[in-house]
Amino acid sequence: MSERYQPATIEQKWRDRWEADGLYKTVEDPDRPKWYALTMLPYPSGDLHSGHWYAFTPSDAAARFRRMNGYNVFFPMGFDAFGLPAENAAIRNNIHPKQWTYANIERMRDQLRQMGAMWSWEHEAISCDPDFYKWTQWFFRKFYDAGLVYREFAPVDWCPSCNTTLAREQVWGEDRHCERCGTPVIKKSLNQWKFRITQYADELIDGLDTIDWPERVKTMQTNWIGRSYGAEVVFRTEKQGDGQSKEQGDPIEVFTTRPDTLWGVTFMALAPEHPLVEKVTTAAQQAAVSDYQTQAERLDEIARTATDKEKTGVFTGGYAINPVNQERIPIWIADYVMMGYGTGAIMAVPGHDVRDFEFARKFGLEIRRVISGPDGETGPLAEAYDAKNDGAMVNSGEFDGTPVDQAYDKVVAWLEANDMGRRAVNYRLRDWLISRQRMWGAPIPMILCPTCGIVPVPYEDLPVLLPDNAEFKPTGESPLKYHEGFRFVQCPQCGGKAERETDTLDTFMCSSWYQYAYITPNKNPGQPPAADDIPWDKATGDYWLPVDQYTGGIEHATMHLLYTRFFTKAMRDLGIVNFDEPMQRLFNQGIILGPDGEKMSKSRGNVVNPDEYVSKYGADTVRGYMMFIGPWDLGGPWDPSAIEGVSRFLQRVWSVALEPSPTESGATFSDADREQAADAARALERKLHQTLIKVSDDMLNFRFNTAIAGMMELNNQLVRQKDSPVATLPIWDEAVEALVLMMAPIYPHISEELWHRLGHSESVHLQSWPQADPTKAIEAEVTVVVQVNGKVRDKLLVAPGIGEEILRTQALALDNVRKWMDGKAVRKIVVVPDRLVNIVVG
RNA sequence: GGGACGGUGGCGGAAUGGCAGACGCAACGGACUUAAAAUCCGUCGAGAGCAAUCUCGUGUGGGUUCGAAUCCCACCCGUCCUACCA
């Protein structure tokens with residue numbers, strides 16, 4: 001009797017051996033197709049949790065599967081190590097964020113190794129290493145030189161709890177809260193650095209067609225960028241003082257998606273903070289307007305309750321002239337107009353826009369119909385009519401009668417010809433705000449000189465190092481501002497006294513290029529990054545890039561996944577890479593929940609610590625369980641009892657593979673037994689090849705749950721025949737070995753142990769994936785269902801590929817079928833070969 | 001308000017136009033055991049029947065089809081995303 005499966009005794013042994021043998025070291029090999037498999041890197045928070053196991057172990061299985069299928073796989077790992085938790089821990093425990101972070105990395109590296117994944121640790125990259133962030137700063141500098149960076153004094157989103165500004169993408173939900181801590185953001189006006197991501201808006205949408213990413217992410221990015229086609233129309237304000245005058249004053253640009261409704265404009269509305277408000281407001285309305293502006297500003301500062309959508313606004317007393325018909329229309333201010341979208345001013349068409357309609361009705365403004373109804377109605381409107389497909393223009397002068405589907409083109413052409421406006425595209429996307437007022441990030445390599453203005457730190461002076469002795473006071477300004485040695489410098493241009501920028505870079509900047517850092521991490525250690533260099537060894541990068549398969553959570557859909565695409569496009573334009581998209585394929589795994597089906601959280605007390613399960617069942621069982629719960633993209637609750645199933649499966653495989661064959665145990669078989677075994681052997685061979693087909697397909701498509709089910713079925717068949725003469729035949733060993741090979745990607749330790757115990761000396765992870773022979777998978781007999789009027793009444797056991805005529809005849813001869821036909825006339829017989837016969841009578 | 005995804009046994013799920021419930025968990029019955037655990041064998045959608053077998057059954061209602069969990073239409077419910085986007 002061989003001993004039982006004891007994961008504790010084999011798992012550590014094999015991990016040590018793999019490392020000693022350099023089994024997972026990456027080498028370039030021009031003879032094999034390359035495969036760059038990348039998993040979103042973790043933040044070194046201190047402990048590996050269930051979510052890490054759920055994200056990392058299936059992606060490891062997929063990478064291992066590729067490797068067994070002949071790919072030269074690059075599978076690196078690293079740490080996204082800058083960021084707020086380190087700084088908060090620093091404040092709490094009075095320990096430098098650097099110490100806290102590196103201690104956590106040590107700890108997490110050990111925990112990660114327990115997973116038994118095939119990461120090539122020699123390519124590890126850590127974003128807070130100076131040899132990493134010198135390149136992050138280099139990118140900032142390159143982008144600055146290319147005109148993709150600018151500094152702007154403008155209102156920005158500020159998280160009062162994190163004490164820093166946030167990018168638009170980091171502000172979530174209807175209450176506009178901080179993505180990290182949940183605190184509602186407020187507005188502040190500050191000098192901030194931004195990336196011109198909007199320059200790439202079109203390409204960021206259109207490029208989605210060229211990559212194999214989930215539709216969901218593509219939709220989210222497309223909506224986030226929010227491209228809409230329309231027109232810019234220039235209205236002019238009426239000069240102050242003379243109510244009758246039609247003289248034109250200041251231009252007010254508006255963006256509209258419906259230029260064909262221009263004749264229905266009955267008022268204008270400006271965002272409360274629109275710069276022209278001051279100019280158009282009359283003395284009589286000044287007090288009311290100021291009050292409203294103060295109130296609107298307060299609304300930004302208080303948590304917004306967007307549920308209350310009652311329209312508010314105030315008349316400025318000013319008027320504008322509608323360029324298409326010279327009508328004089330009142331200018332209002334209203335907080336439903338956003339300064340951050342379009343031009344911050346709208347032409348209001350109450351007849352055909354719900355919001356304008358509500359506003360007009362509340363304030364008694366004119367509601368005019370300029371598009372006829374679906375049945376040609378031209379009468380007054382009881383509600384806003386948003387005509388898109390039917391109707392025609394009315395009350396619109398020379399355009400009356402133009403059908404709406406032609407209206408846009410005709411009106412825009414006319415506007416352009418008469419210099420009143422032009423075709424325009426508008427985006428919801430804002431430029432990426434990258435300044436953070438915190439110290440645990442890469443310093444922005446800029447110097448502000450009273451004489452020369454903004455001066456970038458010269459390449460040869462990079463990196464701008466973070467001081468190890470900075471205070472970490474969260475004051476709302478970067479703590480680096482209080483570090484005099486850091487803050488005060490000589491201007492590199494004039495040599496005079498100057499100050500460093502003390503803000504640091506958004507950590508999303510580090511993760512925008514980390515996939516490139518893995519290629520040759522920490523290139524030229526200790527050396528400044530040269531302007532004409534790139535952050536990795538070019539030849540190695542040419543071999544591995546771009547990423548073939550990326551996996552990670554969907555929560556980054558409009559943050560990291562958008563930023564890294566922007567980065568790659570900007571890099572391409574700088575000649576750093578020669579492709580358009582950083583990641584060819586993307587798979588989003590789901591979220592692992594607590595046993596109660598709720599998101600795991602300390603406050604709920606439903607956090608599952610994977611380490612407990614690893615020490616009880618072993619890493620292989622936990623890996624298998626993660627993949628067996630259900631489809632990987634679905635996630636789901638951690639069910640502590642269901643893990644038993646995977647554990648039992650591994651136990652059974654262990655004994656099936658290692659227990660002595662029946663004859664070795666002293667059993668004897670008669671000739672008759674052996675004859676019967678021949679049939680059973682063919683059945684086993686069939687099952688084996690059917691399983692190979694199924695599991696190969698499932699593994700390729702991340703369907704680990706059904707792949708595991710397939711292996712369980714094969715193993716169940718082996719268990720049933722363990723004591724029969726089949727277990728003495730060559731097919732038995734073939735099936736057992738193939739099962740062990742199929743298990744290798746998901747269960748790397750036990751498969752290695754079994755492989756060696758089965759008499760092999762080379763690692764199972766260097767073997768090729770077992771190939772299915774489709775001819776051996778064909779069933780000897782298939783069950784053909786016989787239906788009468790669509791209901792199953794009997795079954796036929798026939799040889800596969802049998803002719804339709806024979807099937808028809810045999811089906812009609814069945815007793816049960818004749819009974820249900822009840823002597824009625826046959827109207828039709830549907831035959832699907834190898835599947836069913838349906839006899840339609842009546 | 002808009003968008004996406006989903007709704008199948010007690011539970012996780014399988015089946016993407018052709019035998020609904022693979023695989024696993026839980027439960028129940030049995031073997032082994034002094035006993036328990038572990039292991040092994042068996043049962044396991046609901047209802048009727050001694051049985052062969054029959055009826056019903058994939059959120060609800062309709063439709064297409066010889067045939068629908070699967071395709072189409074309408075609705076209900078759930079989850080996530082997004083939101084005064086002009």
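Both backbone and side-chain heavy atoms feed into the values below; hydrogens, waters and symmetry mates do not. Naming: A, B, ... by sequence-line order, numbering from 1 per chain.
- Among the atoms of the strands shown, only primed sugar atoms or phosphate atoms (P, OP1, OP2) are found under 4.0 Å from some heavy atom of W820(A).
- A heavy atom closer than 4.0 Å to some atom of RNA chain B occurs in F255(A), T256(A), T257(A), these being the qualifying members of residues 252-259 of chain A.
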How is the base pairing of RNA chain B summarised as a dot-bracket string, given the Watson-Crick and G-U wobble criteria with both distances under 3.5 Å, [ ] for crossing and | for another strand?
(((((((..(((.....[....))).(((((.......))))).((((....))))..(((((..]....))))))))))))....

Pull out every protein N or O sitting under 3.5 Å from an N or O of nucleotides 36-44 of chain B, one pair per line with the distance.
residue	atom	partner	partner atom	Å
rC40(B)	OP1	R652(A)	NE	3.0

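- Between the side chain of D335(A) and the base of rC84(B) there is at least one donor-acceptor pair of N/O atoms closer than 3.5 Å.
- As judged by a 4.0 angstrom heavy-atom cut-off over every strand, R793(A) is placed among residues touching the sugar-phosphate backbone only.
- Distances were taken from every side-chain heavy atom of M338(A) (C-beta onward) to each of rA86(B), rC81(B), rA83(B); the shortest belongs to rA86(B).
- Residue contacts for N426(A): at a heavy-atom cut-off of 4.0 Å it reaches no nucleic acid atom on any strand shown.
- Atom P of nucleotide rU82(B) and atom CD of Q170(A) are separated by 13 Å, given to the nearest angstrom.
- Minimum atom distance to the side chain of S641(A) is reached by rC25(B), of the listed rA86(B), rA14(B), rC25(B).
- Ring centers of F359(A) and Y336(A): under 6.0 Å apart, within the cut-off.
- Out of rC23(B), rC25(B), rA86(B), the shortest distance to the side chain of I346(A) is found at rA86(B).
- Contacts of V349(A) with the nucleic acid, taken as non-hydrogen atoms under 4.0 Å apart, are absent.
- Side chain of R216(A), nearest nucleotide from rC80(B), rC23(B), rA14(B): rC80(B).
- In this structure A345(A) satisfies the side chain to side chain contact (heavy atoms under 4.5 Å, CB included) test together with I252(A), V254(A), L270(A), H274(A), T343(A), sequence neighbours excluded.
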Could you list the protein-to-nucleotides 16-19 of chain B atom pairs, N/O on both sides, closer than 3.5 Å?
residue	atom	partner	partner atom	Å
rG18(B)	O2'	R835(A)	NE	3.3
rG18(B)	N2	Q787(A)	OE1	3.3
rC19(B)	O2	K795(A)	NZ	2.8

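- Each of N716(A) and K694(A) was matched to the nucleotide of RNA chain B holding its nearest heavy atom; the match closer to the 5' end belongs to K694(A).
- Atom CD1 of I829(A) and atom P of rU65(B) are 20 Å apart (whole Å).
- Scanning for ring-ring contact (aromatic ring centres under 6.0 Å, His included) contacts around W638(A) gives Y613(A), Y625(A), with sequence neighbours left out.
- The side chain of A709(A) has rC23(B) as its nearest neighbour among rC84(B), rC23(B), rG13(B).
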